Protein chains: 2
Amino acid sequence: MWFLRESSENFFNVSPDCLYLTFIYTEIIVEEKEDSLLSGVKEIARRAKVSRATVDRVIHNRPGVSLKTKNRINAIIEELEYQPNVLAQRLALTSRGILRLAVLLPDISQETEYWKAPLEGINKAETEIKQYGLQVDYYFFDQNEQAVFAEQVRLIMENKPDGVLITPTFETESIALLSYCKAKKIPCVLMNSDIPGQQRLCYIGPELFDSGYLSAQLVHYCLKEKQKVMIVNIAREIENNVAILRKEEGFLAYFKEKLSEDLLVSLNTTDTSYPAVAGKLNELLQEEYHVGVIYVTNSRVSLVAKWLESIGRNDIILIGYDYLDSNIEFLKKGIIDFLLCEKPQEQGYRSVMTLFQFLVFSTVVKEDYLIPIDIITSANYRYYRN
Amino acid sequence: MWFLRESSENFFNVSPDCLYLTFIYTEIIVEEKEDSLLSGVKEIARRAKVSRATVDRVIHNRPGVSLKTKNRINAIIEELEYQPNVLAQRLALTSRGILRLAVLLPDISQETEYWKAPLEGINKAETEIKQYGLQVDYYFFDQNEQAVFAEQVRLIMENKPDGVLITPTFETESIALLSYCKAKKIPCVLMNSDIPGQQRLCYIGPELFDSGYLSAQLVHYCLKEKQKVMIVNIAREIENNVAILRKEEGFLAYFKEKLSEDLLVSLNTTDTSYPAVAGKLNELLQEEYHVGVIYVTNSRVSLVAKWLESIGRNDIILIGYDYLDSNIEFLKKGIIDFLLCEKPQEQGYRSVMTLFQFLVFSTVVKEDYLIPIDIITSANYRYYRN
DNA sequence: CTGAAAGCGCTTACAG
DNA sequence: CTGAAAGCGCTTACAG
């Protein structure tokens, strides 16, 4: 029988598509049929002539075992290539007390449909791990209300959770929470956007710079001669919005590198209502009628799509973000051409699962799980999975 | 506490990115803290004043329970919103006999590096389920040897496996195997390409027609005026290769719909060596020097890339398939522009896991798990996960 | 430093 | 038609 050896230990593997990173390919070997009936703690104990409790101590490197027995047991473990049965492990741990995870997320509002997806992923993870003694407490905030964010951070600290998951929308307060976690040795996962240089369990989300860079590359492929490119930021807060700034940086970097910044026309609006956006666009298009491609730096791309539709311009290529119903509608119609997506549901799911694994199994967590940057068009959106 | 209700039952959930399909969003509700300590078979038995064995019978719809007790127990199950602990379930089943899965796959040869990835996914799944009583037996064949394929099919039938996973490279023999499985009630998963109209547990792989269609769409975005498009098939067997034919169909469909078939130049070669491919390309380019985009219908795109590099033409856009080292090299260099990928590792992993879940937990299997069609460029390949 | 025993929640012969 | 008991493989008080 042929198989590839790997460092297993991930029964609770969260995703087949993380194979690419976790899979440690070593060699193809021929396995000798091992008497799999005789492995397990029991068999080790039998061979070492000790009790199962002692074997357990050695396996988990707990104190209270003489070096001699320890060595003896370890030898047998090696010989048997012992792999713990994760099922049994977890079942036995069921009796332990409840662990509480604090999750700090933006509200799901009309304006920010986006956050529904990460929340769904978190909810899904929650239902899966609930019966194993984990509890998730939610703290929501309005993305335009820094004070609420601060208050929620305070509450989290007050409640002394066992693990924390946040989207670090406001940097100062986020850093305060991270320091708190560090001091209390509480693992903290950052999701969706990162704060560089901070200590945390890990970051789970996209590499935003490259997301902007990729957009520029797509623009380049679509750009015809003598055309200009419009980059549009639509958000109440632009200056403080880490995500937007990083994407813009990547986008500009590409233009500096391969094209020219002279091709770029910028449009910023902190009024996110449709009339405001449309008004600004109309104005700008008067001056710059050679625009061939528009890049919108976030999920608000449907506003621009609506405008393009209203003025009957479907010759302009439109690129934006996120698999939202409103965006998909325009994608189908051919008004939006490309949507970049970063699996928001998976981000939420994986973040919680990472905390779970870390807390319950002391699984080593690789820093920074960078989510793929997916390109969605009208021809492949049907098969996309958030 | 807020959470989304869903039909859970997928602790063994293979992927967070399958959320989009499996997640049944119903409503946001406020949960009353339930006394989670008192659910479980034991509690049900206590309330119904029966033994746990009887409760088990009802849960699994096994015969031998009076209608009266059955109803009583079911009422309590409803009331408690009982969810079985999948961990315990599986652990208890460990004592059952071994189940054998037969996997029929192309060899990993020099020529077909592609098949390494699905095999890795299968291997991964194997190591995860091995300790729960599953065994995977591999049957390999040379893609150019129909006779070997037939022989392996015969062997599989002889060995009477409990589950079957095949890539149906040769249709006749595949259909024979499917009939056998149907007769013996053995679940069979088709992977990577489908045979329409056949009974099987499910198909796991891409929608190949749309894969070709998507390629054409990308071509369209990149195509400049007066340029032509070359479509290249490189395979020993083209006429019988379902995958290639379907993609080509989709590709042509797009051109008929949105552009014109007159723009297309075709190149087929059943000699897959570099000199042969380069020779044919040289010849054709002499006649058709307006080619602006080349679409290669499979992973052999690196041969074309090598040729483009050798003649110093990096103005031609090149689109092909699969995340292979050789292809990624040319992607980085900017010679290949787009690679379409269909998560081959995940296909393998998910196929085995599906059989596992079906056999061990009688999980209902949705027909046809269609893998996303991913677009990879030099700007996002770093984050791709096979 | 070590072990006997009970427990995690579910399943399954076996006996009645 | 129903139940008592043992078992899946691991962990953990508790006792010594």
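Per chain, numbering begins at 1; letters A, B, ... match sequence-line order. A quick note: this is a predicted structure, and the numbers were derived from the prediction, not measured.
Here dT11(D) presents its C1' atom at 7 Å from NE2 of His60(A), a figure rounded to the nearest Å. Atoms CD (Gln83(A)) and P (dC8(D)) sit 20 Å apart, rounded to a whole Å. dG3(C) atom C1' lies 18 Å from atom CZ of Arg46(A), rounded to whole Å. Distance, Leu91(B) CG to dG7(D) C1': 9 Å, rounded to whole Å. For the pair Ile59(B) CD1 and dT12(C) P, the interatomic distance rounds to 12 Å; values are reported in whole Å. Nucleotide dT12(C) holds its C1' atom 14 Å from the CD atom of Gln89(B), rounded to whole Å. Between the P atom of dG7(D) and the CG atom of Asn85(A) lies a distance of 18 Å, rounded to the nearest Å.
In this model, the phosphate group of dT11(D) is not approached by any side-chain N or O of Arg62(A) to a distance below 4.0 Å at OP1 or OP2.
In the region residues 49-57 of chain B, proximity to DNA chain D at under 4.0 angstrom, judged on heavy atoms, holds for Lys49(B), Val50(B), Ser51(B), Ala53(B), Thr54(B), Arg57(B). Residues of residues 65-79 of chain A having a heavy atom closer than 4.0 Å to DNA chain D: none are found.
In this structure, Pro63(B) reaches neither bases nor backbone, as no heavy-atom distance under 4.0 Å exists between it and the strands shown.
With respect to the salt-bridge test (charged N to carboxylate O, under 4.0 angstrom), the residues Glu79(B) and Arg47(B) qualify. For Lys124(B) and Glu120(B), the salt-bridge test fails: no basic side-chain N is under 4.0 Å from an acidic carboxylate O. Ion pairing between a basic and an acidic side chain is recognised when a charged N comes within 4.0 Å of a carboxylate O; Lys185(B) and Asp162(B) show no such pairing.
Residues Gln89(A) and His60(A) approach most closely at NE2-CE1, 3.8 Å, considering heavy atoms. Considering all non-hydrogen atoms of both residues, Gly64(A) and Arg57(A) come closest at O-CD, 4.2 Å. Across all their heavy atoms, Pro187(B) and Leu359(B) have their closest contact at CG-CD2, 3.8 Å. Between Gln345(A) and Ala117(A), the closest heavy-atom pair is CG-O, 3.0 Å.
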Notebook entry, point to check: If you write DNA chain D from 5' to 3' in dot-bracket form, with Watson-Crick or G-U pairs under 3.5 Å, [ ] for crossing pairs and | for pairs with another strand, what do you get?
Noted result: |||.||||||||.|||
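Between the side chain of Thr54(A) and the backbone N or O of Val50(A) there is no donor-acceptor pair closer than 3.5 Å. Panel note: side chain Arg72(A), backbone Ala48(A); a donor-acceptor pair is recorded below 3.5 Å.
Applying side-chain contact (heavy atoms from CB on, under 4.5 Å) to Arg200(B) and the options Leu178(B), Ile166(B), Val164(B), Leu177(B) leaves one that passes, Leu178(B). Paired with Leu165(B) under the rule side-chain contact (heavy atoms from CB on, under 4.5 Å), one option of Leu105(B), Ile204(B), Val352(B), Val136(B) passes, and it is Val352(B).
Taking only side-chain atoms of Ala88(A), from C-beta outward, the nucleotide of dT11(D), dG9(D), dG9(C) with the closest atom is dG9(D).
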